[in-house]
Amino acid sequence: MNVSFIKPYYQGIQRESVMNKHLYNKFLNWVSGEFDLYLQDELNGLEVFFPNGRFTIKSIAGTKKDVLIEINVRSKDLKAINSIGNRILSIHRQIESIYSKPIETSEV
């Protein structure tokens, strides 16, 4: 996550690719569930407000095969940026590992 400081907030931005719109929606749902105790706005992607900051996840470009997303975390606490950013990216990796595998069928 690329972190910068724009007074009075630290800002971390990461761009990732998701395989399709369906997985993008699953990703948003999982992240929303992970942070369900915080105030959320799901009007344009996902925006979550936490003490001293917020993060947004939104689609910035997409084709039938890929969706480019931007994860933007703003906080007055650098540790919060790293902690929350890592939790979001961990969910992204889990989604990719679970849903990018081809379905195997076994013959008996």
Side-chain angles (χ1 to χ4, degrees):
M1 186 163 278
N2 299 320
V3 178
S4 61
F5 181 72
I6 302 170
K7 198 172 186 179
Y9 291 99
Y10 291 96
Q11 180 170 321
I13 297 175
Q14 180 78 26
R15 291 189 175 171
E16 293 289 337
S17 179
V18 180
M19 289 175 48
N20 57 43
K21 192 74 167 171
H22 179 69
L23 286 183
Y24 168 67
N25 291 328
K26 279 194 179 295
F27 173 62
L28 290 182
N29 189 28
W30 279 34
V31 173
S32 177
E34 178 73 16
F35 295 94
D36 65 345
L37 297 179
Y38 299 116
L39 178 64
Q40 298 183 11
D41 179 9
E42 297 178 359
L43 190 59
N44 183 19
L46 177 65
E47 184 171 16
V48 176
F49 300 91
F50 57 89
N52 291 320
R54 68 174 177 81
F55 70 83
T56 59
I57 301 172
K58 61 184 177 180
S59 170
I60 56 175
T63 63
K64 288 184 179 181
K65 295 191 177 198
D66 287 9
V67 177
L68 183 62
I69 61 171
E70 182 177 86
I71 303 164
N72 187 334
V73 184
R74 289 184 62 183
S75 177
K76 291 184 178 181
D77 183 10
L78 184 58
K79 289 181 184 177
I81 296 253
N82 292 326
S83 173
I84 290 173
N86 287 338
R87 285 169 66 185
I88 295 169
L89 293 175
S90 173
I91 293 169
H92 179 264
R93 286 190 297 272
Q94 288 174 357
I95 291 279
E96 290 218 324
S97 69
I98 291 171
Y99 293 103
S100 66
K101 293 179 183 176
I103 298 173
E104 297 179 18
T105 58
S106 60
E107 294 181 21
V108 178

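When reading the values below, keep in mind they use all heavy atoms of this one structure, side chains included, and skip hydrogens, waters and symmetry mates. By convention here, the first residue in the shown sequence is residue 1.
In this structure, CD1 on Ile57 lies 7.5 Å from CD1 on Ile91, to the nearest 0.5 angstrom. The CG atom of Leu28 lies 12.5 Å from the NZ atom of Lys58; values are rounded to the nearest 0.5 Å. In this structure, CH2 in Trp30 is found 3.5 Å from CD1 in Ile98, a value given to the nearest 0.5 Å.
Identified under the salt bridge (charged side-chain N to carboxylate O under 4.0 Å, His left out) test for residues 43-55, with sequence neighbours left out: Glu47-Arg54. For residues 48-77, the ring-ring contact (aromatic ring centres under 6.0 Å, His included) pairs, not counting sequence neighbours, are Phe35-Phe55. Contacts classified as ring-ring contact (aromatic ring centres under 6.0 Å, His included) and involving residues 5-26 (residues at least two apart or in different chains) are given here: Phe5-Tyr10. Sorted by first and then second residue, the salt bridge (charged side-chain N to carboxylate O under 4.0 Å, His left out) pairs involving residues 18-36 (not counting sequence neighbours) are Glu34-Arg87.
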Taking distance alone, no hydrogens or angles, what donor-acceptor pairs closer than 3.5 Å link side-chain atoms of residues 67-77 to residues at least two apart or in another chain?
| unit_1 | atom_1 | unit_2 | atom_2 | d |
| --- | --- | --- | --- | --- |
| Glu70 | OE2 | Arg15 | NE | 3.2 |
| Glu70 | OE2 | Arg15 | NH2 | 3.0 |
| Ser75 | OG | Asn52 | O | 3.3 |
| Ser75 | OG | Asp77 | N | 3.0 |
| Ser75 | OG | Asp77 | O | 3.4 |
| Asp77 | OD1 | Lys79 | N | 3.2 |

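Contacts of Asp66 classified as side chain to side chain contact (heavy atoms under 4.5 Å, CB included), with partners at least two apart in sequence or in another chain: Ser17, Thr63. With sequence neighbours left out, Glu42 forms a side chain to side chain donor-acceptor pair (under 3.5 Å) with Ser32. Listed by chain and residue number, Glu16 satisfy the side chain to side chain donor-acceptor pair (under 3.5 Å) test with Gln14 (two or more places apart in sequence, or in another chain).
Around atom CG of Leu39, more than 12 heavy atoms belonging to other residues, nucleotides or ligands sit under 6.0 Å away.
Under the 4.5 Å side-chain heavy-atom criterion for Ile, Leu, Val, Met, Phe, Trp and Tyr, Leu89 and Ile13 are members of distinct hydrophobic clusters.
Listed here is the closest heavy atom pair of Asn20 and Leu23: OD1-N, 2.8 Å.
In this structure a side-chain-to-backbone donor-acceptor pair under 3.5 Å is missing from Asn29 to Asn25.
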